[in-house]
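Each chain gets a letter, A, B and so on, in the order the sequences are listed, and its residues count up from 1.
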Amino acid sequence: DAKTTQPTSMDCAEGRAANLPCNHSTISGNEYVYWYRQIHSQGPQYIIHGLKNNETNEMASLIITEDRKSSTLILPHATLRDTAVYYCIVRSHYGGSQGNLIFGKGTKLSVKP
Amino acid sequence: DAGITQSPRHKVTETGTPVTLRCHQTENHRYMYWYRQDPGHGLRLIHYSYGVKDTDKGEVSDGYSVSRSKTEDFLLTLESATSSQTSVYFCAISIRTDAGYTFGSGTRLTVV
């Protein structure tokens, strides 16, 4: 079973911030939160990951709540090219099956002009 | 993506025939993965490799085998293709267990 819960779909206006929520209430202490996205017909693309501190890179910011039971991916200025399915995944960094990426259904983000 | 190539990109095959899909990387990454993606199921892990000759099963491994005889190549074989194996297959690589994965462009396989 998926360890995360995400809304099925969201809309965002071009140029505005897109805030994608994810619930992971059963996350354990050694599990990280990862975000990937998949643009239509392409392979998934890594965006960002974090453990408990907020993280930022050139693509996005990741805000993780203090209790680590939920997180939000922020695309600060969404463009039409950000239209994709966004996957929130929790995984450990240990080797073996515990560390494998298991995808859920994700959130379909539609950025509109 | 640069550094990872899947071949073929498209294939149509008949039920009962063997099929091998190839994933080739030039990044020298230790870990390699095969996923399949189907409508309503999303991406599911088939097999993965954590080094040359070291492989293990994922969540949907039945009907598939893999081999990794050298770092750069990870082969996925359908011994006797069935219509239920019609899917888009993605390969991925990662340098460490805590690193992001880089995915290939996918192979669209149709079994008729």
Side-chain angles (χ1 to χ4, degrees), chain A residues 1-9 22 28-53 55-60 62 73 84-109, chain B residues 1-7 9-10 21 23-25 27 29-51 54-61 66 74 87-109:
Chain A
D1 290 339
K3 295 183 177 181
T4 62
T5 304
Q6 299 177 253
T8 303
S9 63
C22 180
S28 60
N30 67 351
E31 289 183 317
Y32 289 68
V33 180
Y34 279 74
W35 283 85
Y36 282 75
R37 73 180 182 183
Q38 187 173 24
I39 297 170
H40 182 61
S41 298
Q42 298 181 20
Q45 177 188 24
Y46 166 78
I47 301 173
I48 198 167
H49 75 278
L51 181 63
K52 54 184 178 181
N53 296 322
E55 302 287 345
T56 296
N57 64 20
E58 65 279 3
M59 289 182 68
L62 173 60
L73 179 74
V85 178
Y86 287 77
Y87 298 97
C88 170
I89 303 166
V90 296
R91 64 181 285 236
S92 78
H93 280 180
Y94 295 127
S97 61
Q98 297 175 71
N100 291 333
L101 270 182
I102 305 298
F103 287 80
K105 301 217 185 296
T107 296
K108 170 91 169 102
L109 175 68
Chain B
D1 278 27
I4 178 171
T5 306
Q6 291 185 234
S7 58
R9 291 297 312 278
H10 301 272
L21 308 183
C23 180
H24 178 77
Q25 60 146 329
E27 304 295 326
H29 287 186
R30 177 180 175 185
Y31 299 90
M32 299 186 76
Y33 309 84
W34 276 108
Y35 287 83
R36 61 177 289 175
Q37 185 168 33
D38 307 288
H41 289 281
L43 282 143
R44 293 180 290 174
L45 181 65
I46 306 172
H47 280 280
Y48 62 99
S49 170
Y50 44 95
D54 290 324
T55 65
D56 207 345
K57 297 178 180 180
E59 56 187 308
V60 290
S61 59
V66 289
F74 192 32
S87 187
V88 180
Y89 291 86
F90 287 101
C91 175
I93 60 174
S94 67
I95 192 167
R96 305 182 307 271
T97 56
D98 62 342
Y101 291 13
T102 300
F103 283 80
S105 300
T107 294
R108 183 173 296 276
L109 176 68

Taking everything shown except A/Lys108 itself, do over 12 heavy atoms lie less than 6.0 Å from its NZ?
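More than 12 heavy atoms, drawn from other residues, nucleotides or ligands, come within 6.0 Å of this atom.
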
Do A/Tyr34 and B/Tyr101 have their ring centres less than 6.0 Å from each other?
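Centroid separation for A/Tyr34 and B/Tyr101: 6.0 Å or greater.
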
For A/Cys22 and A/Thr4, work out which heavy atoms get closest and say how close.
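So the minimum-distance heavy-atom pair works out to SG-CB, 3.7 Å.
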
Counting only non-hydrogen atoms closer than 4.5 Å, does [X] touch chain A with its backbone (N, CA, C, O), its side chain (CB onward), both, or neither?
X: B/Leu45; answer: side chain
X: B/Tyr50; answer: neither
X: B/Gln6; answer: neither

A/His49 (side chain) donor-acceptor with A/Val33 (main chain) under 3.5 angstrom:
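No, because the side chain of A/His49 does not come within donor-acceptor range (under 3.5 Å) of the backbone of A/Val33.
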
Got A/Glu55 and A/Trp35 here, is their nearest side-chain heavy-atom distance under 4.5 Å?
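No, side chains not in contact.
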
With a 4.5 Å cut-off on heavy-atom pairs, point out which of B/Gly58, B/Gly42, B/Ala99, B/Ala92 contacts chain A the most.
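Ranked by contacts with chain A, first place is B/Ala99.
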
Tell me, for A/Tyr36 versus chain B, whether the close heavy atoms (under 4.5 Å) come from the side chain, the backbone, both or neither.
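Side chain of A/Tyr36 only, per the 4.5 Å heavy-atom cut-off to chain B.
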
